[in-house]
S.K.: 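The structure under discussion is supplied below as structure tokens; questions concerning it will follow.
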Amino acid sequence: MPSCAILDYPKRIAGYSIENFKQEKKGRFSFNVELALTKAYNKCNLFLFENNIRVNFKNSKKNYIVASRFSLIYEYTLDSTEVAFFVSEIDENNSQIEVISNNSRLAKVVYNKLKIYMEK
């Protein structure tokens, strides 16, 4: 059976891999929300849309989004720096949202802004 790393190479070349986010330790922040999985995922998309953040790719079946152009909300980053949002179900009325980036300061700023946004 081929390893996951080998199967991920075409996605990495095309720029659609999430493996680098799975390995990130320092730039990983999570919180829970009182929203069903689909509503939490959709609200993350709305947060990005309302802040004019570029969605690079997303997967609504696996509930993740990878976006860039965060210099609009955090001036100390490059527009190409990506942040990933992983939404997972805790139960039918609660979800967990992880905000991950290799720029830990950017991840923390986005995490704080998203957390406030999700409480509205």
Side-chain angles (χ1 to χ4, degrees):
M1 181 152 98
S3 82
C4 292
I6 292 172
L7 295 175
D8 190 53
Y9 282 135
K11 291 179 183 178
R12 287 182 189 190
I13 292 168
Y16 297 110
S17 176
I18 59 169
E19 287 306 309
N20 59 320
F21 298 110
K22 291 181 179 181
Q23 305 303 321
E24 180 60 39
K25 303 263 188 274
K26 188 175 178 186
R28 178 183 294 269
F29 303 93
S30 65
F31 63 97
N32 298 339
V33 292
E34 292 181 14
L35 291 171
L37 176 65
T38 302
K39 288 184 179 185
Y41 177 79
N42 290 339
K43 199 161 180 182
C44 284
N45 276 298
L46 190 57
F47 168 80
L48 296 170
F49 175 78
E50 288 179 2
N51 285 283
N52 295 310
I53 306 301
R54 179 185 305 126
V55 173
N56 297 346
F57 57 97
K58 60 184 175 179
N59 186 321
S60 59
K61 291 181 181 175
K62 294 184 179 180
N63 301 299
Y64 69 79
I65 307 162
V66 177
S68 62
R69 203 169 71 193
F70 285 92
S71 62
L72 296 169
I73 61 173
Y74 182 64
E75 65 184 67
Y76 304 107
T77 190
L78 299 173
D79 278 342
S80 60
T81 304
E82 293 181 323
V83 176
F85 302 82
F86 291 90
V87 183
S88 56
E89 184 177 64
I90 296 171
D91 58 42
E92 71 178 41
N93 296 314
N94 295 283
S95 301
Q96 180 184 58
I97 299 173
E98 284 186 286
V99 177
I100 307 167
S101 178
N102 64 352
N103 179 332
S104 61
R105 289 182 180 172
L106 172 61
K108 183 70 171 178
V109 167
V110 173
Y111 159 82
N112 287 329
K113 289 183 181 295
L114 180 62
K115 190 171 181 185
I116 291 166
Y117 183 84
M118 296 301 262
E119 292 170 356
K120 293 180 184 176

S.K.: Once rounded to the nearest 0.5 Å, what's the spacing between atom CG of N56 and atom CZ of R69?
M.R.: 10.0 Å
S.K.: Looking at L72 and N51, what are the two nearest heavy atoms and their distance?
M.R.: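 Taking L72 first and N51 second, the nearest heavy atoms are CD1-O, 3.8 Å.
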S.K.: Show the nearest heavy-atom pair for residues S95 and A36, with the distance to one decimal.
M.R.: OG-C, 3.3 Å
S.K.: Do F21 and V110 sit in one hydrophobic cluster, given that two such residues count as connected whenever their side-chain heavy atoms are within less than 4.5 Å of each other, even indirectly?
M.R.: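 As far as the 4.5 Å side-chain criterion goes, V110 and F21 are not connected within one cluster.
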S.K.: Rounded to the nearest 0.5 Å, what separates atom CG in L114 from atom CD in E119?
M.R.: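 With rounding to 0.5 Å, CG (L114) is 10.0 Å from CD (E119).
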S.K.: Indicate the ring-plane relationship of Y64 and F86, choosing parallel, tilted or perpendicular according to the 30° and 60° boundaries.
M.R.: tilted
S.K.: For S101 and V83, indicate whether the former's side chain and the latter's backbone hold a donor-acceptor pair under 3.5 Å.
M.R.: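 Absent.
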S.K.: For F29 and S104, which heavy atoms make the closest approach, and how far apart are they?
M.R.: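 Shortest heavy-atom separation between F29 and S104 comes out as CE1-O, 3.7 Å.
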S.K.: Could you check whether K43 makes a cation-pi contact with Y117, meaning its NZ or CZ is under 6.0 Å from the centre of the six-membered ring and within 45° of the ring axis?
M.R.: yes
S.K.: When rounded to the nearest 0.5 angstrom, what distance separates CD1 in I73 from CD1 in I53?
M.R.: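 One gets 4.5 Å once the value is rounded to the nearest 0.5 Å.
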S.K.: Taking atom CD of Q96 and atom CZ of F31, what is their separation to the nearest 0.5 Å?
M.R.: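 Spacing of CD (Q96) from CZ (F31) equals 9.5 Å.
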S.K.: Evaluate the ring planes of F85 and F70, with Trp represented by its six-membered ring, and classify them as parallel (under 30°), tilted (30 to 60°) or perpendicular (over 60°).
M.R.: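 Correct class here is tilted.
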S.K.: Would you name the heavy atoms of V99 and A107 that are closest together and state the gap between them?
M.R.: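 So the two residues come closest at CG1-O, 3.7 Å.
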S.K.: Rounded to the nearest 0.5 Å, what separates atom NZ in K58 from atom CG in N63?
M.R.: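 It is 11.5 Å, given to the nearest 0.5 Å.
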S.K.: Find out whether I65 and Y41 are in side-chain contact, i.e. whether some heavy atom of one side chain is under 4.5 Å from a heavy atom of the other.
M.R.: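 Touching, per the 4.5 Å side-chain cut-off.
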S.K.: Treating Ile, Leu, Val, Met, Phe, Trp and Tyr as nodes and any side-chain heavy-atom pair under 4.5 angstrom as an edge, say whether F49 and L35 lie in one connected cluster.
M.R.: yes
S.K.: Would you say the side chain of Y74 lies within less than 4.5 Å of the side chain of R105, judging by non-hydrogen atoms?
M.R.: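 Of all side-chain heavy-atom pairs linking Y74 with R105, at least one is under 4.5 Å.
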S.K.: Is the CD atom of E92 crowded by more than 12 outside heavy atoms at less than 6.0 Å?
M.R.: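 12 or below, so no.
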S.K.: Output the distance between atom CG (N103) and atom CD (E24), rounded to the nearest 0.5 Å.
M.R.: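 N103 CG to E24 CD: 9.5 Å, rounded to 0.5 Å.
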S.K.: According to a hydrophobic-cluster definition based on side-chain heavy atoms being under 4.5 Å apart (Ile, Leu, Val, Met, Phe, Trp, Tyr only), do I97 and V55 belong together?
M.R.: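 Yes; V55 is reachable from I97 via cluster members.
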S.K.: Same cluster or not: are I18 and I100 linked, directly or through other Ile, Leu, Val, Met, Phe, Trp or Tyr residues, by side-chain heavy atoms under 4.5 angstrom apart?
M.R.: yes
S.K.: Side-chain contact test, heavy atoms from C-beta onward, threshold under 4.5 Å: evaluate it for N94 versus N32 and give yes or no.
M.R.: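 No, too far: nothing below the 4.5 Å cut-off.
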S.K.: If hydrophobic clusters are built from ILVMFWY residues whose side chains come within less than 4.5 Å, do F57 and L46 share one?
M.R.: no
